[in-house]
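Each remark here refers to the structure printed beneath this line.
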Amino acid sequence: MMTAYKCIYCLQTKEETEFNREHVVPQMMGKYKNGFVLNDFQVCKECNDYFSKQIEDKIALDSFEAFLRMQYRDTPMSDGRKLNKNRIRLIGDEGIFKGIPFTVITDISSPYRVRFESEPMVGIINSVEKCEYDYYSLEELPYADEEAIERMKKSTQPIINTGIGRERLEPVLIDKGYLIGEYAYSEKSVLDLYEEPEFTTAIKMSIDPIMRRVCAKTVFNYLCYSKGKEFVLNSRFNEIRKYIRYGEWSDDLWFKYSKGPVSTVNMPNNTAHVVGYMWYPENRQWIFCGCLTWFGELTYIFSLGKTGNKVQRLNVLDSTKMACFNNVDRTIIEDDAVHIYGGRPNSE
């Protein structure tokens with residue numbers, strides 16, 4: 001007769017053949033020497049499969065973390081992978097590039113492991129002095145007005161094409177009133193007109209429930225790895241458990257975000273992950289809160305569950321842990337101390 005075990009996420013009791021390995025940190029974020037794994041009947045196959053296909057796959061190439069992953073993961077990604085644009089967009093932020101949307105593509109030959117390709121757009125001069133353009137897709141290009149025509153008269157390069165075929169572009173420019181009389185269209189690329197070796201981009205990103213659930217699952221995995229299965233099966237963690245597995249939000253939960261790594265940990269380098277849990281005083285009680293920094297860039301702090309310990313003048317607290325996942329030498333270092341979060345939570 002097979003032994004039955006309870007999954008830490010769905011809380012269902014299943015036979016041992018219904019369980020498999022769950023990596024504490026998703027492998028898409030890096031693979032490490034002696035990597036932390038839950039392999040003692042903690043996560044069932046159904047939950048593991050759900051997390052992989054319905055949560056992790058959705059942000060693997062469509063998030064700010066995906067952009068970091070392209071550049072800093074322990075092993076480079078294969079060439080030609082494109083960053084999707086539902087949760088992140090990179091847009092030129094200065095001079096002739098200002099306003100151009102870019103596609104990010106993995107490129108092993110680049111020192112940054114990525115290259116930027118401008119999306120097919122047509123640029124109409126907006127400021128001759130600043131050399132700035134308004135960029136449009138062919139379908140969105142407005143009809144030329146008198147102000148646009150006057151600006152074009154003052155510019156030596158009034159129109160720029162960033163990848164639209166000339167045979168498609170010229171008829172539209174004529175139809176919309178941009179090519180009349182002596183205003184002929186000459187084919188020049190943005191790079192032909194830009195003299196500097198580098199340019200800046202603005203990153204527009206969103207953090208949605210899918211991304212938050214990936215972060216919460218990673219920390220909850222580590223809490224189980226660190227404190228044991230019976231600890232995380234406690235009902236005090238049911239709100240965060242339901243949010244991770246089913247996306248059910250509770251008003252008792254909160255998430256906070258900050259740029260850079262958490263200040264209580266000495267990171268081995270600037271691109272390491274930090275995964276851990278801390279104490280936080282809330283409503284005169286000590287609660288557990290999770291902490292996760294991806295690639296040293298963006299930190300998520302969020303509530304995990306109440307502990308039943310009241311805040312007193314003199315507090316004796318158990319130690320908590322932070323683990324640094326080094327994306328250079330692929331090692332993991334744990335810091336065992338009484339970590340206390342001193343910030344104030346913002347609501348989700």
Side-chain angles (χ1 to χ4, degrees), residues 3-16 18-26 36-48 50-51 55 209 212-256 262 264 274-292 300-312 315-323 334-341 343 345 347-348:
T3 304
Y5 299 90
K6 182 179 286 188
C7 173
I8 65 171
Y9 287 109
C10 67
L11 297 182
Q12 294 182 26
T13 300
K14 302 181 179 183
E15 294 183 348
E16 60 184 67
E18 294 301 312
F19 288 80
N20 58 5
R21 291 160 51 93
E22 162 75 2
H23 291 86
V24 169
V25 171
F36 293 171
V37 176
L38 302 179
N39 59 0
D40 192 19
F41 310 109
Q42 292 107 324
V43 183
C44 72
K45 291 179 180 179
E46 183 179 354
C47 287
N48 202 336
Y50 171 83
F51 292 141
I55 297 183
R212 288 192 289 268
R213 290 167 68 192
V214 170
C215 295
K217 181 184 81 77
T218 302
V219 171
F220 199 72
N221 280 351
Y222 181 62
L223 186 64
C224 180
Y225 182 88
S226 172
K227 301 286 285 185
K229 180 177 179 179
E230 292 305 315
F231 184 84
V232 298
L233 283 175
N234 191 294
S235 60
R236 72 183 65 166
F237 299 114
N238 281 351
E239 282 79 9
I240 194 67
R241 190 191 331 272
K242 289 178 182 177
Y243 184 60
I244 295 169
R245 181 59 178 87
Y246 304 108
E248 297 178 7
W249 180 255
S250 166
D251 290 338
D252 289 334
L253 300 175
W254 50 262
F255 272 76
K256 181 181 175 70
V262 64
T264 61
V274 178
V275 184
Y277 51 94
M278 300 181 287
W279 294 100
Y280 177 70
E282 180 181 67
N283 298 327
R284 299 182 180 179
Q285 290 190 58
W286 289 105
I287 71 166
F288 268 131
C289 64
C291 166
L292 176 59
Y300 298 77
I301 306 287
F302 48 90
S303 56
L304 287 172
K306 299 176 181 179
T307 65
N309 296 342
K310 293 183 178 180
V311 176
Q312 303 177 23
N315 297 276
V316 180
L317 301 173
D318 293 335
S319 64
T320 56
K321 283 189 176 182
M322 296 282 183
E334 287 188 283
D335 182 15
D336 192 341
V338 179
H339 298 278
I340 298 177
Y341 175 53
S347 59
E348 184 212 22

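Everything numeric in this text was worked out from a predicted model, so none of it was measured.
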State the [atom1]-[atom2] distance between [X] and [Y], to the nearest 0.5 angstrom.
{"X": "Lys306", "Y": "Phe237", "atom1": "NZ", "atom2": "CZ", "result": "12.5 Å"}
{"X": "Cys44", "Y": "Glu22", "atom1": "SG", "atom2": "CD", "result": "10.0 Å"}
{"X": "Cys289", "Y": "Phe255", "atom1": "SG", "atom2": "CZ", "result": "11.0 Å"}
{"X": "Ile244", "Y": "Arg213", "atom1": "CD1", "atom2": "CZ", "result": "9.0 Å"}
{"X": "Glu239", "Y": "Asp252", "atom1": "CD", "atom2": "CG", "result": "5.5 Å"}
{"X": "Asn238", "Y": "Glu248", "atom1": "CG", "atom2": "CD", "result": "11.0 Å"}

Can you name the closest pair of heavy atoms from [X] and [Y] and give their distance?
{"X": "Val219", "Y": "Gly290", "answer": "CG1-CA, 3.7 Å"}
{"X": "Cys224", "Y": "Leu38", "answer": "SG-CD2, 4.2 Å"}
{"X": "Thr218", "Y": "Val24", "answer": "CG2-O, 3.5 Å"}
{"X": "Lys321", "Y": "Ser226", "answer": "CD-OG, 3.4 Å"}
{"X": "Phe41", "Y": "Glu16", "answer": "CE2-CB, 3.4 Å"}
{"X": "Thr13", "Y": "Ala4", "answer": "CG2-CB, 3.5 Å"}

Lys/Arg cation over aromatic Tyr243: Arg212, 6.0 Å, 45° cone: no
Is Lys45 atom NZ crowded by more than 12 heavy atoms from other residues, nucleotides or ligands, each under 6.0 Å away? yes
May I ask you to check whether over 12 heavy atoms, not counting those of Lys242, lie within 6.0 Å of atom NZ? no
Ring centres under 6.0 Å, that's the criterion: do Trp279 and Phe288 meet it? yes
Taking the six-membered ring for Trp, are Tyr9 and Phe51 closer than 6.0 Å centroid to centroid? yes
Backbone of [Y] reached by a side-chain donor or acceptor of [X] within 3.5 Å:
{"X": "Thr320", "Y": "Ala337", "value": "yes"}
{"X": "Ser319", "Y": "Asp336", "value": "no"}
{"X": "Asn234", "Y": "Phe231", "value": "no"}
{"X": "Thr307", "Y": "Trp286", "value": "yes"}
{"X": "Asn221", "Y": "Val25", "value": "no"}
{"X": "Gln42", "Y": "Asp40", "value": "yes"}

Quick one: do Ile8 and Leu233 satisfy side-chain contact (heavy atoms from CB on, under 4.5 Å)? Show the steps, please. CA-CA 6 Å; Ile8 65 171; Leu233 283 175; 4.2 Å; yes
Show the numbers, then the answer: is there a side-chain contact (heavy atoms from CB on, under 4.5 Å) between Lys14 and Glu46? CA-CA 11 Å; Lys14 302 181 179 183; Glu46 183 179 354; 3.1 Å; yes
Should [X] and [Y] count as side-chain neighbours, where that means a heavy-atom distance under 4.5 Å?
{"X": "Ile301", "Y": "Met278", "answer": "yes"}
{"X": "Phe302", "Y": "Leu253", "answer": "no"}
{"X": "Ile340", "Y": "Leu317", "answer": "yes"}

Passing option when Trp254 is tested against Trp249, Tyr300, Tyr280 for ring-ring contact (aromatic ring centres under 6.0 Å, His included): Tyr280
Among Lys217, Lys227, Glu334, whose side-chain hydrogen bond (donor to acceptor under 3.5 Å, both in side chains) with Tyr222 holds? Glu334
Please test Arg241 against Leu11 for side-chain contact (heavy atoms from CB on, under 4.5 Å), starting from the C-alpha separation and ending with a verdict. CA-CA 9 Å; Arg241 190 191 331 272; Leu11 297 182; 3.7 Å; yes
